[in-house]
Amino acid sequence: MNTTILASTLLLTLLLAVGLFFFIRASVKDRIQQVKLASPETEESLLNQLKQYFDQRAYQVAAVDAATNQVTFQGIVRPSWFLAIFLTVLAACGIVCLSLVLSILFPTLTKVFLGLVALAPAAGLFYWKKAERLEQVSLKLESASTQAPGDQATAEQSLVIVTGHRDELIQLQQSLKLKPLL
């Protein structure tokens, strides 16, 4: 096979391996965001719904600041079996591809390169060890009045400013049917 083709294939495979490495590393990265959500419920009713929601999700009240109307919940995030297995399979596929390219370049070391596939479970283990962590969600309740254009009546609504993991915020928004403020 042409050495130019082999060199370019090796380069592309190495670039894909680097991308896979960063993908595996990003699987445990914190994705903390803050969103403002609106609800037509009263503050007390919304706070009760939020407490119920977080109780169901195994969060516990960590701190309450009555002066600023802020509540902080915390809970343990458990790792996903599916994601651990998926990352292990991805790592195995990436190592096999790299091993095949290296085997073509260095045929005498084929068994050594294919033996590197035994390292693939390290990706799942890395995820499993790092993904379980203590997570906090902070809520701040406010009330606001809204007025439709051309309408004299004002409507009371509650605003909640939530700071937490992106996935948790999406689940909260869907479960309680809260609308984001832009």
Least distance between heavy atoms, L20 atom then A91 atom: CD2-CA, 3.9 Å
Atom pair OG1 (T9) and CG (L100), whose distance is rounded to the nearest 0.5 Å: 11.5 Å
Least distance between heavy atoms, P79 atom then A131 atom: CB-CB, 3.8 Å
Gap separating the CG atom of L141 from the OG1 atom of T42, nearest 0.5 angstrom: 10.0 Å
Inter-residue atom distance L50.CG - Q52.CD, 0.5 Å rounding: 10.0 Å
Main-chain N/O of S80 paired to Y127 side chain as donor or acceptor, under 3.5 Å: yes
Single hit among Q171, Q33, R133 for side-chain contact (heavy atoms from CB on, under 4.5 Å) with H165: R133
Connected via hydrophobic side-chain network under 4.5 Å: L98 and L90: no
Min side-chain heavy-atom separation V112-F106 under 4.5 Å: no
Taking every non-hydrogen atom, the tightest pair across I24 and A123: CD1-CB, 3.7 Å
Parallel, tilted or perpendicular, as decided by the 30° and 60° cut-offs, for the rings of W81 and W128: tilted
Minimum side-chain heavy-atom gap L159-K36 below 4.5 Å: no
Donor-acceptor contact below 3.5 Å, side chain R78 vs main chain I76: no
Within 6.0 angstrom of Y53 OH, more than 12 heavy atoms from elsewhere: yes
Straight-line distance of S138 OG to I32 CD1, nearest 0.5 Å: 11.0 Å
Minimum heavy-atom distance between K140 and T68, given as atom pair plus value: CE-O, 3.5 Å
Exercise: identify the closest heavy-atom pair between P180 and Q173: CD-NE2, 3.1 Å
Transitive ILVMFWY side-chain link L14 to L16, under 4.5 Å: no
Check: L46 and L178 side chains under 4.5 Å, non-hydrogen atoms: yes
Residues F54, V71; criterion side chain to side chain contact (heavy atoms under 4.5 Å, CB included); working and verdict: CA-CA 11 Å; F54 284 111; V71 180; over 6 Å; no
Sub-4.5 Å side-chain heavy-atom contact between E41 and L176: no
Non-hydrogen side-chain atoms of I104 and L6 separated by less than 4.5 Å: yes
Closest heavy-atom pair and its distance - S99, L116: OG-CB, 4.5 Å
Straight-line distance of Q136 CD to F73 CZ, nearest 0.5 Å: 11.5 Å
S175 side-chain N/O to L172 backbone N/O, donor-acceptor pair under 3.5 Å: no
Side chains of L87 and S27 in contact at under 4.5 Å (non-hydrogen atoms): yes
R25 atom CZ: more than 12 heavy-atom contacts under 6.0 Å: no
Shared hydrophobic cluster, F126 / I85 (ILVMFWY, side-chain heavy atoms < 4.5 Å): no
hydrophobic_cluster_shared for L139 and V64, side chain cutoff 4.5 Å: yes
pair E142-I161: side-chain heavy atoms closer than 4.5 Å: yes
Any side-chain heavy-atom pair of V137 and E168 under 4.5 Å: yes
Shared hydrophobic cluster for V117 and L102 (ILVMFWY, side-chain gaps under 4.5 Å): yes
Straight-line distance of L119 CG to T88 OG1, nearest 0.5 Å: 12.0 Å
